[in-house]
2 protein chains.
Amino acid sequence: MPQQEHTCMIRGDGGRTLRAILDRICNKWTLLVVATLDQGTLRFGDLHEQVPGISQRMLTLTLRNLERDGLVARTVHAEVPPRVEYALTPEGKSLIPPALALAGWAIEHVPQIEASRAAYEDRAG
Amino acid sequence: MPQQEHTCMIRGDGGRTLRAILDRICNKWTLLVVATLDQGTLRFGDLHEQVPGISQRMLTLTLRNLERDGLVARTVHAEVPPRVEYALTPEGKSLIPPALALAGWAIEHVPQIEASRAAYEDRAG
DNA sequence: CCGAATCCCGGCAGATACTG
DNA sequence: CAGTATCTGCCGGGATTCGG
């Protein structure tokens with residue numbers, strides 16, 4: 001069965017479903033945070049260390065959105081000093097395989113894309 | 001083998017590879033245009049019709065980027081009126097399967113995500 | 001028919017400083 | 001430790017107009 005018969009999944013509703021997910025996971029940090037949480041439960045500080053370059057602000061916002069969408073569970077422990085733990089929900093875990101598919105494609109094709117882009121820049125300035 | 005042993009693909013270089021691809025395909029229109037071109041060669045006007053809501057400007061920019069990255073081939077026919085055709089390169093076609101994986105996930109999980117988000121809005125305002 | 005050029009706006013994201 | 005507050009710049013993207 002030819003591939004294009006499947007792409008109706010993407011184009012289906014004028015791209016609304018695709019857009020809905022893209023809007024959620026295609027920002028700068030979301031996928032990286034999800035992948036990091038695939039290790040298991042982590043504290044805010046751990047995440048801040050393990051996701052290189054993320055600011056406190058963006059980590060907070062990213063986690064809030066993930067929690068809101070039911071992809072990450074947030075647990076506050078009533079202690080001093082405070083301890084807050086984050087973990088993927090089953091829903092969140094289910095995002096990993098398609099993310100890996102994309103990452104696999106990236107690893108395989110990005111070098112050639114970079115080359116193509118470099119060549120284009122040369123021609124056009 | 002547990003999943004998290006694979007997520008190093010995503011986290012690998014601090015997310016640089018992932019970011020490289022995300023920066024390219026995760027804008028508002030790219031994936032939609034690629035999916036539309038999976039049908040085969042199309043003219044600018046065809047694309048403009050078949051991708052609902054895209055402006056001429058964004059279609060032009062999206063196609064230029066895809067051409068630059070070697071995912072789409074652009075063919076200009078020396079005629080009047082001018083005719084310009086766009087088609088996926090093999091490189092571009094190879095993006096379809098991972099895109100479908102993501103779309104499949106979206107179709108399966110977006111309803112639940114919407115529900116979770118709606119519930120969250122209710123609680124928090 | 002196929003674009004390029006210009007103007008404009010909202011929202012993302014960084015830096016920094018402060019709080020329970 | 002785990003956030004919030006505020007200020008700021010940047011850029012994606014829409015509308016519109018003009019050119020070959």
Side-chain angles (χ1 to χ4, degrees), chain A residues 14-16 18-33 36-37 41-69 72-87 120 123-125, chain B residues 14-16 18-34 36-37 41-69 72-87 120 124-125:
Chain A
R16 286 233 324 270
L18 178 67
R19 192 78 46 75
I21 179 57
L22 249 42
D23 287 347
R24 287 179 174 81
I25 70 168
C26 280
N27 57 59
K28 198 168 179 181
W29 301 108
T30 298
L31 224 41
L32 229 43
V33 170
T36 303
L37 279 173
T41 300
L42 288 176
R43 303 179 57 170
F44 185 91
D46 298 331
L47 281 166
H48 196 204
E49 284 177 16
Q50 295 202 28
V51 180
I54 196 170
S55 64
Q56 281 197 340
R57 169 186 152 86
M58 291 317 296
L59 181 53
T60 299
L61 288 178
T62 302
L63 287 169
R64 285 288 175 281
N65 285 330
L66 285 170
E67 187 196 358
R68 177 163 82 150
D69 290 346
V72 158
R74 179 173 182 267
T75 310
V76 183
H77 298 266
E79 306 171 359
V80 281
R83 188 168 100 243
V84 183
E85 294 185 324
Y86 296 90
Y120 189 97
R123 285 197 303 277
Chain B
R16 286 234 325 270
L18 179 68
R19 192 75 48 76
I21 179 57
L22 249 42
D23 287 347
R24 287 180 173 81
I25 71 168
C26 280
N27 58 59
K28 197 169 179 179
W29 301 109
T30 297
L31 223 42
L32 230 41
V33 169
V34 169
T36 303
L37 279 174
T41 301
L42 288 176
R43 304 181 55 172
F44 185 91
D46 298 331
L47 281 168
H48 195 204
E49 285 177 15
Q50 294 203 28
V51 180
I54 197 171
S55 64
Q56 281 196 341
R57 169 185 152 86
M58 290 319 295
L59 181 53
T60 300
L61 289 177
T62 302
L63 287 169
R64 283 290 173 279
N65 285 330
L66 285 170
E67 187 195 1
R68 176 165 81 150
D69 290 346
V72 157
R74 179 172 182 266
T75 311
V76 182
H77 299 267
E79 307 171 358
V80 281
R83 188 169 101 243
V84 184
E85 293 184 326
Y86 296 90
Y120 189 97

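All chains are named by letter (A, B, ...) in the order of the sequence lines, taking the proteins before the strands, and each is independently numbered beginning at 1. Note that these values count all heavy atoms, side chains included, but never hydrogens, waters or copies made by symmetry.
What you find for B:N27 and B:R24 is that their closest heavy atoms are ND2-O, 3.4 Å. Minimum heavy-atom separation, B:L42 to B:Q50: CD2-NE2, 4.2 Å.
Side-chain contact check for B:T75 versus B:Y86: every heavy-atom pair is 4.5 Å or farther apart. Counting heavy atoms from C-beta on, the side chains of A:L59 and A:V51 never come closer than 4.5 Å. Taking 4.5 Å as the limit, every side-chain heavy atom of B:R74 sits out of range of all side-chain heavy atoms of B:F44.
Atom NE2 of A:H77 is separated from atom C1' of C:dG20 by 18 Å (rounded to the nearest Å). Taking atom NE2 on A:H48 and atom C1' on C:dG14, their separation rounds to 12 Å, with Å as the unit. Atom-to-atom, CG of B:L42 to P of C:dC2 comes out at 11 Å; the value is rounded to the nearest Å.
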TODO: Given side-chain hydrogen bond (donor to acceptor under 3.5 Å, both in side chains), test A:T62 with A:N65 step by step and report yes or no.
DONE: CA-CA 5 Å; A:T62 302; A:N65 285 330; 6.0 Å; no
TODO: Mark up nucleotides 2-15 of chain D, 5' to 3', with B wherever a protein heavy atom is under 4.0 angstrom from a base atom, S wherever such an atom reaches only the sugar-phosphate, and - elsewhere.
DONE: SBB-B------BBB
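Comparing the helix axis at one end of the helix from C:dC1-D:dG20 to C:dG20-D:dC1 with that at the other, each defined from 5 consecutive pairs, gives an inter-axis angle of 40° (nearest 10°).
In terms of the side-chain contact (heavy atoms from CB on, under 4.5 Å) criterion, residue partners of A:E85 (sequence neighbours excluded) are, by chain and number, A:T41, A:R43, A:H77, A:R83.
For the atom pair CD1 (A:I54) and CG (A:L47), the distance works out to 8.0 Å, reported to the nearest 0.5 Å.
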